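On a predicted model such as this, the values are computed, not experimentally measured, just so you know.
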Amino acid sequence: MGRPKAAALVGVAAAALLVSACSAGTGVPGAVTGGGAGGGSAAATAETVFRVAFNQPENHPQFIAMRAMGERLAERTGGRYGIEVYPNETLGAQRETIELVQSGALDMSMVASPLLENFNPDFVAFNLPFTFDSQDHQREVTNDPAIVSELYSSLDGQSIHVLGAFHGGIRSMYNPRGPVTTPADLAGMKVRVIESDTNIEMIRLMGGSGTPMGMGEVYTALQSGVIDAAENNELTYFNSKHSEVAPYYSYTRHLMLPDYLITNPAILEGMSPEHRSIFTDEIRAAVEEEGQLWKTEIARVTQAAKDAGAQFNEVDTEAFAAAIRPLVELKLTSDVARRIHEQARAAATAG
């Protein structure tokens, strides 16, 4: 799987977008001409610069991969198209940027997968605990056209199309008290979660009490005891300095959410077939590059956290998976979602 299937997915996306956009009779909305945020780079000075909204800093693997994609796109199209990635929510929070993409005021955005459940509940299939066994498993499944082409095209009528799925990290538990090895160790713990009924219920089943909270509040909340634990990937754990106040990181690996690069279906219609082929090929390449960057960065920050005193431990994965299983069964309410989830798990078994 991997690169060929990712390429095929984007090819399917291109075809679907072309049909949709041609019927709409629209051009390329929201593009910046001859400028951007990056100064004199080839991507920023292309004839048409697509703006990409991003909510993480410039050192994030997704930002680095997308910026490199913009440069390659400008070179391969002879300066016709480029990409500028705007980090740190400078173009708005993720939920807002989806609306901007729909209206044509923004070209693309990188958004967390749970947000698309608001437009099609079947996207929940990839947002449930223990759906993916590894980063590679996730990348292959979420970019396999045999599994996702219909799902990713399902929002076209709402002016949203998924161009590709990127890795968003593997979430585990961390706390100031000591290692967590079984659900019993979370008993009585208030655990910070993303504001979502699904995530609150997930923590309840894992033994704790889910406490929704903004990311900017977590450090102080851990330090002061307002919360007892949090869950996130190693990159966020270290870069947000949570390792300073919660030095016990336990590899529950309970959740692996993809991040989606979305666009308005009119975008690709404005490209020639040659440029559209280049564009979709470069999305595939960016997905692959981002995956490699994640692996390098995770190794680096994990070692840095260990050097600073953090302790990492494995857990009883089967115990956590068994505890969370009722949530999976509860959320897979449609035939489509069940089929996609089953295909994802079957791919893990086949691998």
Side-chain angles (χ1 to χ4, degrees), residues 52-69 85-90 93-94 109-115 126-127 129 131-139 142 164-176 180 191-194 199 213-223 227 229-261 286-315:
V52 181
F54 189 56
N55 74 332
Q56 297 289 328
E58 293 91 335
N59 62 352
H60 194 281
Q62 291 174 3
F63 179 90
I64 296 170
M66 289 296 296
R67 181 176 58 184
M69 173 187 165
V85 186
Y86 291 77
N88 300 310
E89 294 189 341
T90 52
Q94 288 187 348
S109 181
M110 190 77 76
V111 300
S113 55
L115 293 175
F126 292 150
N127 300 339
T131 297
F132 304 107
D133 289 3
S134 68
Q135 176 184 331
D136 291 338
H137 174 213
Q138 181 195 49
R139 185 189 70 251
T142 58
F166 290 71
H167 183 60
I170 304 173
R171 302 176 80 93
S172 289
M173 289 286 173
Y174 50 90
N175 78 95
V180 168
V191 183
R192 182 267 171 178
V193 293
I194 299 171
N199 282 275
M213 181 179 294
M215 178 56 64
E217 305 172 57
V218 176
Y219 183 99
T220 302
L222 285 166
Q223 187 178 46
I227 58 174
E231 49 91 47
N232 221 309
N233 63 74
E234 301 96 322
L235 197 61
T236 298
Y237 173 63
F238 181 75
N239 286 345
S240 299
K241 303 186 184 301
H242 295 173
S243 55
E244 296 178 352
V245 291
Y248 297 96
Y249 191 98
S250 303
Y251 282 119
T252 50
R253 300 185 181 92
H254 55 274
L255 201 57
M256 200 181 311
L257 298 174
D259 289 325
Y260 296 124
L261 180 65
V287 167
E288 296 289 337
E289 180 180 1
E290 185 247 8
Q292 292 305 313
L293 288 168
W294 263 102
K295 293 177 181 179
T296 301
E297 279 297 285
I298 291 299
R300 182 186 67 80
V301 299
T302 299
Q303 187 58 54
K306 288 179 178 178
D307 292 344
Q311 299 181 35
F312 293 75
N313 69 277
E314 296 294 336
V315 307

Exercise. With sequence neighbours excluded, tell me which residues meet salt bridge (charged side-chain N to carboxylate O under 4.0 Å, His left out) with Arg253.
Key: Glu314

Quiz item: Once you round to the nearest 0.5 Å, how far does NE2 of His167 lie from CG of Asn233?
Solution: 7.0 Å

Quiz item: Is there a donor-acceptor pair under 3.5 Å between the side chain of Arg171 and the backbone N or O of Glu231?
Solution: yes

Exercise. Compare all side-chain heavy atoms of Arg192 with those of Glu217 and state whether any distance is below 4.5 angstrom.
Key: no

For residues 304-311, please give each side-chain donor-acceptor pair under 3.5 Å, one per line with the distance, not counting sequence neighbours.
from   : atom 1 : to     : atom 2 : distance (Å)
Asp307 : OD1    : Gln303 : NE2    : 2.8

Quiz prompt | Reference residue Arg139; test salt bridge (charged side-chain N to carboxylate O under 4.0 Å, His left out); the match among Glu290, Glu288, Glu289 | solution = Glu288

Quiz prompt | Trace of the side chain to side chain contact (heavy atoms under 4.5 Å, CB included) decision for Tyr219 with His242 | solution = CA-CA 6 Å; Tyr219 183 99; His242 295 173; 4.1 Å; yes

Quiz item: Quick one: CD1 on Ile64 to CG on Asn59, what's the gap to the nearest 0.5 Å?
Solution: 6.5 Å

Practice problem: Evaluate whether atom NZ of Lys241 has more than 12 neighbouring non-hydrogen atoms of other residues, nucleotides or ligands under 6.0 angstrom away. | Solution: no

Quiz item: Can you name the nearest heavy-atom pair linking Leu261 to Phe166, along with the distance?
Solution: CB-CE1, 3.9 Å

Quiz prompt | Residue pair Ala221 / Met213: nearest heavy atoms and the distance that separates them | solution = CB-SD, 3.6 Å

Practice problem: May I ask you to decide if Leu115's main-chain N or O and Gln94's side chain share a donor-acceptor pair within less than 3.5 Å? | Solution: no

Quiz item: Is there a donor-acceptor pair under 3.5 Å between the side chain of Thr90 and the backbone N or O of Pro87?
Solution: yes

Quiz item: Tell me, do Asp136 and Lys295 make a side-chain contact under 4.5 Å, heavy atoms counted?
Solution: yes

Exercise. Could you tell me whether the side chain of Tyr174 reaches within less than 4.5 Å of the side chain of Asn232, counting heavy atoms only?
Key: yes

Quiz item: How many angstroms lie between atom CE of Met173 and atom OG1 of Thr252, to the nearest 0.5 angstrom?
Solution: 5.5 Å

Quiz item: Can you tell me if Glu297 uses its side chain to pair, donor with acceptor, with the backbone of Pro61 under 3.5 Å?
Solution: no

Quiz item: Heavy-atom distance under 4.5 Å between the side chains of Phe126 and Ser113, does that happen here?
Solution: no

Quiz item: Do Met66 and Phe54 touch side chain to side chain, with heavy atoms closer than 4.5 Å?
Solution: no

Self-check item: Side chain to side chain, Tyr249 and Ser172, heavy atoms closer than 4.5 Å
Solution: yes

Practice problem: Decide yes or no for Ile298 and Ile170: does some side-chain heavy atom of the first lie under 4.5 Å from some side-chain heavy atom of the second? | Solution: no

Self-check item: For Ser250 against Asn313, the heavy-atom pair lying closest together
Solution: OG-OD1, 2.9 Å

Exercise. Anything under 30° is parallel, anything over 60° is perpendicular, the rest tilted; go ahead and classify His60 against Trp294.
Key: perpendicular

Self-check item: Considering all heavy atoms, the nearest Asn175-Ala229 contact
Solution: CB-CB, 3.7 Å

Quiz prompt | Point-to-point distance, once rounded to the nearest 0.5 Å, from CD1 of Ile194 to CG of Asn127 | solution = 9.5 Å

Quiz prompt | Exercise: identify the closest heavy-atom pair between Asp133 and Met256 | solution = C-CE, 4.2 Å

Quiz item: Considering all heavy atoms of both residues, which atom of Pro247 and which atom of Pro176 are nearest to each other, and what is their separation?
Solution: CD-CA, 3.9 Å

Quiz item: Are side-chain heavy atoms of Glu58 and Asn88 found at a separation under 4.5 Å?
Solution: yes

Quiz prompt | Trace of the side chain to side chain contact (heavy atoms under 4.5 Å, CB included) decision for Met69 with Val52 | solution = CA-CA 12 Å; Met69 173 187 165; Val52 181; over 6 Å; no

